[in-house]
Number of protein chains: 2
Amino acid sequence: MGENNLSISEKTCSLKEVLDIIGGKWSMPIIYILSKGKMRFKELERSVEGINTRMLVKELKNMEVNGIITREVFATVPPTVEYTLTSKGEKLLPSIASLHQWGQEFASGM
Amino acid sequence: MGENNLSISEKTCSLKEVLDIIGGKWSMPIIYILSKGKMRFKELERSVEGINTRMLVKELKNMEVNGIITREVFATVPPTVEYTLTSKGEKLLPSIASLHQWGQEFASGM
DNA sequence: CCGAATCCTAAGAGATACTG
DNA sequence: CAGTATCTCTTAGGATTCGG
């Protein structure tokens with residue numbers, strides 16, 4: 001308890017519930033970066049600026065549970081784990097890109 | 001100190017910075033509701049399900065500082081204060097609606 | 001390399017009473 | 001009505017260590 005990630009699997013999913021899933025500090029940045037394609041854990045850790053191991057693990061797990069990403073393990077030495085956006089996850093990209101875009105306009109005075 | 005809201009006014013605005021502004025628990029829900037038009041404080045408090053006075057005040061202040069909403073005071077008795085989305089705020093609506101939409105698909109099995 | 005396990009605290013969030 | 005002012009309390013998030 002205390003550190004559990006919640007998965008919402010049924011019923012309607014309001015905006016608030018969507019935000020419960022991907023409204024955290026790191027979900028959207030991660031999704032955004034994963035839009036460029038499959039990535040390994042360490043790559044992600046380097047790409048998502050400012051994140052630390054714990055947070056990355058947590059968010060990835062959360063997103064996997066919620067069907068936003070896929071986790072593939074390869075029995076190599078050293079181990080390889082790749083994360084990919086599911087089609088459900090990809091469907092979030094327009095929203096996120098749009099938010100990012102808004103940030104750009106925002107910056108340029110407006 | 002400790003309860004200050006930050007305003008990002010210049011330079012580029014990354015996704016992460018956008019989320020610093022509207023990534024909180026209540027911002028997007030409030031914006032979403034304000035999309036229906038001008039609203040008074042009490043109306044908002046009733047409309048944004050689950051929010052309380054303190055949070056609403058905080059978020060509204062934040063959004064005003066960041067140019068997302070406008071606050072208009074009328075010297076009536078009892079006092080009237082109306083909140084409206086600015087055009088900058090309105091530009092967030094597609095993203096938010098899109099997230100909401102995603103939640104709907106998400107709910108229906110996908 | 002991947003990630004689990006700890007430990008810790010700053011901030012977010014909630015409830016409620018009160019004032020102009 | 002539209003907020004302040006307090007007082008708690010939870011938890012998201014951060015730093016770091018350790019193990020397969």
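Note that the structure is a prediction, hence the values are computed from the model and not measured.
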> Whole Å only: how far is the CD atom of A:Glu72 from the C1' atom of C:dC2?
Replying inline: 15 Å
> Does D:dA2 have OP1 or OP2 sitting under 4.0 Å from an N or O in the side chain of B:Arg40?
Replying inline: yes
> Atom CD of A:Glu59 and atom C1' of D:dG14: how far apart are they, to the nearest Å?
Replying inline: 13 Å
>> Side-chain heavy atoms nearer than 4.5 Å, only ILVMFWY residues, links allowed to pass through others: does that put B:Phe74 and B:Leu44 together?
In response: no
> Roughly how many Å is it from NZ in B:Lys58 to C1' in D:dT4, rounded to a whole number?
Replying inline: 14 Å
> Taking CZ from B:Arg46 and C1' from D:dG3, how many angstroms apart are they, rounded to a whole number?
Replying inline: 15 Å
> How close or far is atom C1' of C:dA13 from atom CG of B:Asn62, stated in whole angstroms?
Replying inline: 14 Å
> B:Ile69 has an atom CD1; how far is it from atom P of D:dA2, in whole Å?
Replying inline: 13 Å
Considering only nitrogen or oxygen atoms on both sides, find all protein atoms under 3.5 Å from nucleotides 14-16 of chain C and state each distance.
{"from": "C:dG14", "atom 1": "OP1", "to": "B:Lys25", "atom 2": "NZ", "distance (Å)": "2.9"}
{"from": "C:dG14", "atom 1": "OP2", "to": "B:Trp26", "atom 2": "NE1", "distance (Å)": "3.2"}
{"from": "C:dG14", "atom 1": "O6", "to": "B:Arg54", "atom 2": "NE", "distance (Å)": "3.0"}

>> Here's a test for you: under side-chain contact (heavy atoms from CB on, under 4.5 Å), which of A:Thr84, A:Leu34, A:Leu85 qualifies with A:Glu90?
In response: A:Leu85
>> With heavy-atom distances below 4.5 Å as the criterion, would you say the side chains of A:Met39 and A:Glu82 are in contact?
In response: no
>> What's the separation between atom CD in B:Glu43 and atom NZ in B:Lys36, rounded to the nearest 0.5 Å?
In response: 11.5 Å
>> For A:Glu72, is there an ion pair with A:Lys38 - N to carboxylate O distance below 4.0 angstrom?
In response: yes
>> Distance check needed: D:dC1 P versus B:Leu44 CG, whole Å only.
In response: 13 Å
> Roughly how far, to the nearest 0.5 Å, is the CG atom of B:Leu56 from the CZ atom of B:Arg46?
Replying inline: 11.5 Å
> For A:Glu64, what residues pass the salt bridge (charged side-chain N to carboxylate O under 4.0 Å, His left out) criterion, not counting sequence neighbours?
Replying inline: none
>> I want to confirm an ordering. Mapping A:Pro79 and A:Val57 to their closest nucleotides on DNA chain C, which one lands closer to the 5' end?
In response: A:Pro79
> Do B:Arg71 and B:Val81 have side chains that get closer than 4.5 Å, going by heavy atoms?
Replying inline: yes
> What is the bend of the helix from C:dC1-D:dG20 to C:dG20-D:dC1 when you compare the axis at one end with the axis at the other, using five pairs each and rounding to 10°?
Replying inline: 50°
> Does a side-chain heavy-atom distance below 4.5 Å link B:Ile68 with B:Asn62?
Replying inline: no
> When we call it a touch if two heavy atoms are under 4.0 Å apart, what does A:Tyr83 touch: a base, just sugar-phosphate, or nothing?
Replying inline: sugar-phosphate
> Are B:Lys61 and D:dT4 close enough that a side-chain N or O sits under 4.0 Å from OP1 or OP2?
Replying inline: yes
> Between A:Arg71 and C:dC2, is there a side-chain N or O to OP1/OP2 distance below 4.0 Å?
Replying inline: no
> Atom CD of B:Glu82 and atom P of D:dC1: how far apart are they, to the nearest Å?
Replying inline: 14 Å
> Mapping B:Pro78 and A:Gly24 onto DNA chain D by nearest heavy atom, which one lands closer to the 5' end?
Replying inline: B:Pro78
